[in-house]
Amino acid sequence: MRQTDRHFKFDWLTIFLFFLLVGFGWLNILSASQNGDEITILNFTTSYGKQLVFIGLTCILILLILAIDSKFYERFSSIIYIIGLALLVGVLLFGKTINGATSWYAIGPMTLQPSEFVKAATALAVAKYISDLNTDIAKLKDQLRTILIIAIPALLILLQNDTGSMLVYGAFFFVLYREGLPKYYLWIIIFIAVVSISALKFNVLPTILVVTILLFGFYFFKRKKVKISLPIGLLLLCLALSFSVKFFYNNILQPHQQDRISLWLRLEKDPEKLERMKKTFAYNLNESEKAISSGGLKGKGFLEGTRTTGKFVPEQDTDYIFTTVGEEWGFLGSFAVVLVFVILIIRILHLAELQKSQFSRVYGYSVAAIFFFHFMINIGMVMGLIPTIGIPLPFFSYGGSGLWGFTILLFIFIKLDSNRINEW
């Protein structure tokens, strides 16, 4: 079939949800960045003015993505991935350090964060490898190769001292699980998470004792007997993991990272030190919770947030943008934002399942997983449910790199989905 005879059908619901989130996000950036002065929409020295320029450039970017043949993204996925890795290496050598992270290229008055774009490049590379006819994700060698594709950019981002962006790559586990990763990996991850938290919260000895009782209780009372080597192996793993976590926490993590985990798990026993930690590392969280709770059911109204106007919450137009939603739009507005995000993610998953090619399906699941991870972590962070990590809320947080990175991620999938009717 000639290219001119091909038909494309874009999913307009997904596109509508995208522009709805971008538009409402801009309104909240406007609120978070205003200080009581007269608002001039075309004042490009302000955050909301700059974000408006970023949105305009985003529209051009969307047209370019949709104009490219959908097969281009599959054919050149490996090259796109290599370019992404080169950008991550380059930023370590020539990048600009902001807030302790060397994650930006300085281009005149602008900065560009390559890690925001490498998510799409990694998603393409993972989709390409998994969809290869010779790949069987149930085999260990293919699992290791896929993990390597994910781990390389994650480690390069970690070297930039950007832990939050690195953790996002954990979202690819959901993709691998969908494509046939054995279920025992899920139980291993849950086991590691529970033991790690328990070792930090209750110390090593109580953790080992409880795990020993549970494992051997399971062994002796299970009707279908298992080999004794299984509980013994898990017990040794628990022992090694508990000591490793304690060593990593005490000797590898930086002091500010230790304090954030300590506050989250309530590890600190000294009241005076705990109070000092709250004033320094929990300040953002405390002010965030106050701003959200002050919104009540309906909120204080657009541009009427006193804590927003007073700049009580640092980084309120970036990582903590959701506090503006909570204060000015209240519970109802916050619930509406959460609902739109959930609908968008479910819609992407639905479209991914409709794909006729495995490449498009895997990429679609990657998009949904990354959005879900950002959404869950960011909102959980501002509400105090998880430690402060520092990752943006998609389409809401101020910044060109984040907006363009999420746009590229989403609209490549929209382009792939539009070609679904031409797949055989």
Side-chain angles (χ1 to χ4, degrees), residues 126 130 137-140 142-144 146-148 150-151 154 158 163-164 166-249 252-253 257 260-262 264-267 342 345 349 362 365-366 368-381 383-389 391:
V126 169
I130 292 180
I137 201 64
K139 295 181 178 178
L140 180 60
D142 289 327
Q143 294 168 11
L144 294 176
T146 308
I147 292 172
L148 186 63
I150 300 167
L158 182 61
T163 308
M166 183 275 292
L167 291 175
V168 172
Y169 285 78
F172 283 100
F173 171 79
F174 299 106
V175 182
L176 302 184
Y177 188 74
R178 164 61 182 84
E179 293 303 314
L181 193 70
K183 291 184 179 180
Y184 60 78
Y185 279 98
L186 179 62
W187 293 109
I188 290 174
I189 291 175
I190 294 174
F191 179 79
I192 290 173
V194 171
V195 170
S196 299
I197 293 174
S198 177
L200 290 175
K201 179 68 176 176
F202 305 108
N203 222 324
V204 174
L205 186 59
T207 300
I208 298 298
L209 181 61
V210 171
V211 170
T212 301
I213 294 172
L214 292 176
L215 285 176
F216 285 95
F218 171 80
Y219 173 76
F220 286 112
F221 292 103
K222 186 174 175 59
R223 291 181 179 179
K224 184 179 179 180
K225 293 296 183 181
V226 296
K227 293 182 179 179
I228 188 66
S229 59
L230 179 60
I232 291 176
L234 287 175
L235 183 59
L236 292 175
L237 174 62
C238 175
L239 187 64
L241 183 62
S242 298
F243 281 106
S244 298
V245 167
K246 292 290 286 187
F247 178 82
F248 183 80
Y249 176 80
I252 305 297
L253 289 181
Q257 294 171 325
R260 287 173 178 175
I261 294 175
S262 178
W264 178 51
L265 294 178
R266 306 296 190 267
L267 302 181
V342 170
I345 292 169
L349 291 174
V362 173
Y365 265 87
S366 300
I370 291 171
F371 281 162
F372 173 74
F373 201 89
H374 268 272
F375 161 74
M376 178 186 68
I377 294 295
N378 183 275
I379 293 182
M381 176 185 71
M383 296 181 68
L385 301 177
I386 60 173
T388 299
I389 295 177
I391 60 175

Engineer: Taking all atoms of both residues into account, what is the closest heavy-atom pair of Lys246 and Val204, and its distance?
Structural biologist: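 Looks like CG-CG2, 3.6 Å.
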Engineer: Is Met383 atom CE crowded by more than 12 heavy atoms from other residues, nucleotides or ligands, each under 6.0 Å away?
Structural biologist: no
Engineer: For Ile345 versus Phe375, what's the shortest heavy-atom pair and its separation?
Structural biologist: CD1-CD2, 4.4 Å
Engineer: How far does CZ of Phe243 sit from SG of Cys238, to the nearest 0.5 angstrom?
Structural biologist: 10.0 Å
Engineer: Donor-acceptor pairs under 3.5 angstrom involving side-chain atoms of residues 181-200: please list them, not counting sequence neighbours.
Structural biologist:
unit_1 : atom_1 : unit_2 : atom_2 : d
Tyr185 : OH     : Gln143 : OE1    : 2.3
Ser196 : OG     : Ile192 : O      : 2.6
Ser198 : OG     : Thr207 : OG1    : 2.7

Engineer: Answer yes or no: does atom CZ of Phe372 have more than 12 heavy-atom neighbours from other residues, nucleotides or ligands under 6.0 Å?
Structural biologist: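 Check fails, neighbour count at 12 or below.
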Engineer: Is there a side-chain contact between Val362 and Arg178 (heavy atoms, below 4.5 Å)?
Structural biologist: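 Answer no - side chains too far apart.
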Engineer: Heavy atoms only: give me the nearest Ile391-Asn378 pair and the separation to one decimal.
Structural biologist: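 For Ile391 versus Asn378, the nearest heavy atoms are O-ND2, 2.7 Å.
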Engineer: Hey, does Thr163 have a side-chain heavy atom less than 4.5 Å from the side chain of Ile389?
Structural biologist: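 No, every pair of side-chain atoms sits at 4.5 Å or beyond.
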Engineer: For the atom pair CG (Leu239) and CG (Leu234), what is the distance rounded to the nearest 0.5 Å?
Structural biologist: 12.5 Å
Engineer: Do the side chains of Ile130 and Leu176 get nearer than 4.5 Å, heavy atoms only?
Structural biologist: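 Side chain of Leu176 against side chain of Ile130, heavy atoms only: contact under 4.5 Å found.
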Engineer: For the atom pair CG (Leu235) and CG (Leu214), what is the distance rounded to the nearest 0.5 Å?
Structural biologist: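 Between Leu235 CG and Leu214 CG, I get 11.0 Å after rounding to 0.5 Å.
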